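Notes for the one structure printed next.
Everything numeric in this text was worked out from a predicted model, so none of it was measured. For this chain, numbers begin at 1 and follow the sequence in order.
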Amino acid sequence: MPVGFIGLGVMGQPMALNLARAGTPLVVHNRTPARCEPLRAAGAEVAASPAEVFDRAGTVILMLADETAIDAVLGRGTPDFAARVAGHTVVHMGTTSPEYSGDLQDDIRAASGRYVESPVSGSRVPAEQGRLVAMLAGDDDAVEAVRPLLAPMCRETFGCGAVPGALLMKFSVNLFLITMVTGLTEAFHFAGRHGLDQRLLRDVLDAGPMASAVSRVKAPKLLARDFAVQAAAADVLKNNRLIAEAARKAGLASPLLDVCHTLYDETVARGHGHEDMVAVLRALEARTDGRHGPVSSPS
């Protein structure tokens, strides 16, 4: 049977393309049909609806923007849901709240389906290169059946136990990513406003112990003021909110995350949500230039 793939956005399209190019029989669907054309050219079949994907595929990967989109694709809350997921393995590779994922697993199990939670670490470039890192949670047999399927998209996979262990692991990784990129951006802002050569800052960072794969991707973008999206600021704000909510529910302090939450909130409020996460520079510049207005507080 073909594998289904629904959701061909910034991440989903290159992920699905890597599956198709690896020879995986694939049937795809996207709300915006034009996003399917590169997949068609790569040999994938294009379905007219999510229902058609489930009709033709035994395992269906979802790389969707939010919980509302997932529920709509699955027909959750309607009579179509049980018929759609029964006998299928649903692989949720997006980012949602842990509570949502746990409830979704319960509903899919009740309808005689299988569920694997498999968020990924990485942005557009690793997605294009097939070098994402996947975290998997769910029943052992379902996880082991899905793991080889991810190989064309992911350079490594890690089992994280029961749902929602994979999402909580991704939240831990993303907390580090968000605070690290925000710190790097602030460093470039600091150097620039002191009249330092930012190219020299990039070279010093590259030569020293602070260098990382992330800094080597994001520093050139900051240097060039290149805000073309790899990981959108609006998506970072969504992730930040989800992580903050998980921290509050567990009674955990997250002061660095909370500062970043406010900065990304300001970035998005200023109209830069569609730009790369290094556009948090816009919020820092606005504060420095006295254009920092009232913003909503992170909840």
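- For I61 against L19, the heavy-atom pair with the smallest separation is CD1-CD1, 4.0 Å.
- In this structure, CE on M180 lies 11.5 Å from CG on L175, to the nearest 0.5 angstrom.
- F5 and V53 make their closest contact through N-CG1, 4.3 Å (heavy atoms, listed as atom of the first residue, atom of the second, distance).
- Contact annotation: the side chain of T68 never approaches that of D71 to less than 4.5 Å [non-hydrogen atoms, C-beta and beyond].
- Looking at every heavy atom in both residues, L136 comes nearest to S118 through CG-OG, 3.8 Å.
- Residues F54 and V90 meet the side-chain proximity criterion, which asks for heavy atoms closer than 4.5 Å.
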What verdict does the side-chain contact (heavy atoms from CB on, under 4.5 Å) test give for D103 and R76, after you've listed the backbone C-alpha separation in whole Å, the side-chain angles of each residue and the deciding distance to 0.1 Å? CA-CA 11 Å; D103 290 344; R76 198 163 174 223; 3.7 Å; yes

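- Taking the six-membered ring for Trp and thresholds of 30 and 60 degrees, Y100 and H92 have ring planes more than 60 degrees apart, a perpendicular arrangement.
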Evaluate the criterion salt bridge (charged side-chain N to carboxylate O under 4.0 Å, His left out) for residue pair E266 and R287; output intermediate values, then yes/no. CA-CA 10 Å; E266 293 173 25; R287 287 188 176 209; 2.5 Å; yes

Start with the C-alpha distance between T262 and V259, add both sets of side-chain angles, then the distance that settles side-chain contact (heavy atoms from CB on, under 4.5 Å), and finish with yes or no. CA-CA 5 Å; T262 300; V259 169; 5.9 Å; no

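- R216 places a side-chain heavy atom less than 4.5 Å from the side chain of D206.
- In terms of heavy atoms, I178 sits closest to C260 at CG2-CB, 3.7 Å.
- If you chain together hydrophobic residues whose side chains sit under 4.5 Å apart, F176 and L256 never meet in one group.
- In the hydrophobic clustering of ILVMFWY residues, with side-chain heavy atoms under 4.5 Å counting as a link, V146 and I108 come out apart.
- Between T185 atom OG1 and L281 atom CG the span is 6.5 Å, to the nearest 0.5 Å.
- Ion pairing between E285 and R282 fails under the 4.0 Å rule for side-chain N and carboxylate O.
- Of all heavy-atom pairs spanning S123 and A231, the tightest one is CB-CB, 4.1 Å.
- Taking the six-membered ring for Trp and the full ring otherwise, the centers of H272 and F227 sit at least 6.0 Å from each other.
- Within the model, atoms CZ of F171 and CG of L257 stand 10.5 Å from one another, a figure rounded to the nearest 0.5 Å.
- Look at D141 and R114 and you find a salt bridge, because one of the NZ, NE, NH1 or NH2 atoms lies within 4.0 Å of a carboxylate O, short of that distance.
- The shortest distance between side-chain heavy atoms of M135 and S121 falls below 4.5 Å.
- Remark: R193 engages D289 in a salt bridge, criterion side-chain N to carboxylate O under 4.0 Å.
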Only pairs under 3.5 Å count here: list side-chain donor-acceptor contacts from residues 6-16, not counting sequence neighbours, and write none if there are none.
residue	atom	partner	partner atom	Å
Q13	NE2	R35	O	3.0

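- No donor-acceptor pair closer than 3.5 Å links the side chain of N174 to the backbone N or O of N240.
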Which is it for L284 and L263 under the side-chain contact (heavy atoms from CB on, under 4.5 Å) test, yes or no, and what are the steps along the way? CA-CA 8 Å; L284 294 170; L263 287 168; 4.1 Å; yes

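- Taking 4.5 Å as the limit, some side-chain heavy atom of T89 sits within range of a side-chain heavy atom of V91.
- Under 3.5 Å, the side chains of S254 and R248 contain a donor-acceptor pair of N or O atoms.
- Counting heavy-atom neighbours within 6.0 Å of E99 CD, excluding the residue itself, gives a total above 12.
- No side-chain heavy atom of V120 sits less than 4.5 Å from a side-chain heavy atom of V133.
- The shortest side-chain heavy-atom distance between L26 and P2 does not fall under the 4.5 Å cut-off.
- In this structure, the separation between CG on L132 and CD on E128 is 10.0 Å, given to the nearest 0.5 Å.
- Salt bridge R124/D276: absent, no basic N to carboxylate O contact under 4.0 Å.
- Of the possible polar contacts, none joining the D265 side chain to the H261 backbone as a donor-acceptor pair under 3.5 Å is found.
- In terms of modelled atom types and a separation under 3.5 Å, the side chain of S101 and the main chain of S97 share no donor-acceptor contact.
- Between the side chains of E67 and T96, no donor N or O sits under 3.5 Å from an acceptor N or O.
- In this structure, D226 and P220 have side chains that are not in contact, with every pair of non-hydrogen atoms separated by 4.5 Å or more.
- Closest non-hydrogen pair, H274 versus G271, comes out as CE1-O, 3.3 Å.
- A salt bridge between D55 and R84 is absent, with no side-chain N of the basic residue lying under 4.0 Å from a carboxylate O of the acidic one.
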Would you give me the side-chain donor-acceptor pairs under 3.5 Å for residues 154-167, sequence neighbours excluded?
residue	atom	partner	partner atom	Å
T157	OG1	R147	NH1	3.0

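- With no hydrogens or angles considered, no side-chain donor-acceptor pair links T95 and K238 at under 3.5 Å.
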Steps toward side-chain contact (heavy atoms from CB on, under 4.5 Å) verdict (H88, T59): CA-CA 6 Å; H88 291 77; T59 297; over 6 Å; no

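- Note that CG of L205 is 11.0 Å distant from CD of Q198, once rounded to the nearest 0.5 Å.
- With rounding to the nearest 0.5 angstrom, the NE2 atom of H189 is 13.5 Å from the CG atom of L184.
- Taking 4.0 Å as the cut-off between side-chain N and carboxylate O, E245 and R241 count as a salt-bridged pair.
- Clustering ILVMFWY residues whenever any of their side-chain heavy atoms sit less than 4.5 angstrom apart, transitively, puts V3 in a cluster other than the one holding V27.
- Cluster annotation: L62 is not connected to V28 through the hydrophobic network of ILVMFWY side chains, with a link wherever side-chain heavy atoms come within less than 4.5 Å.
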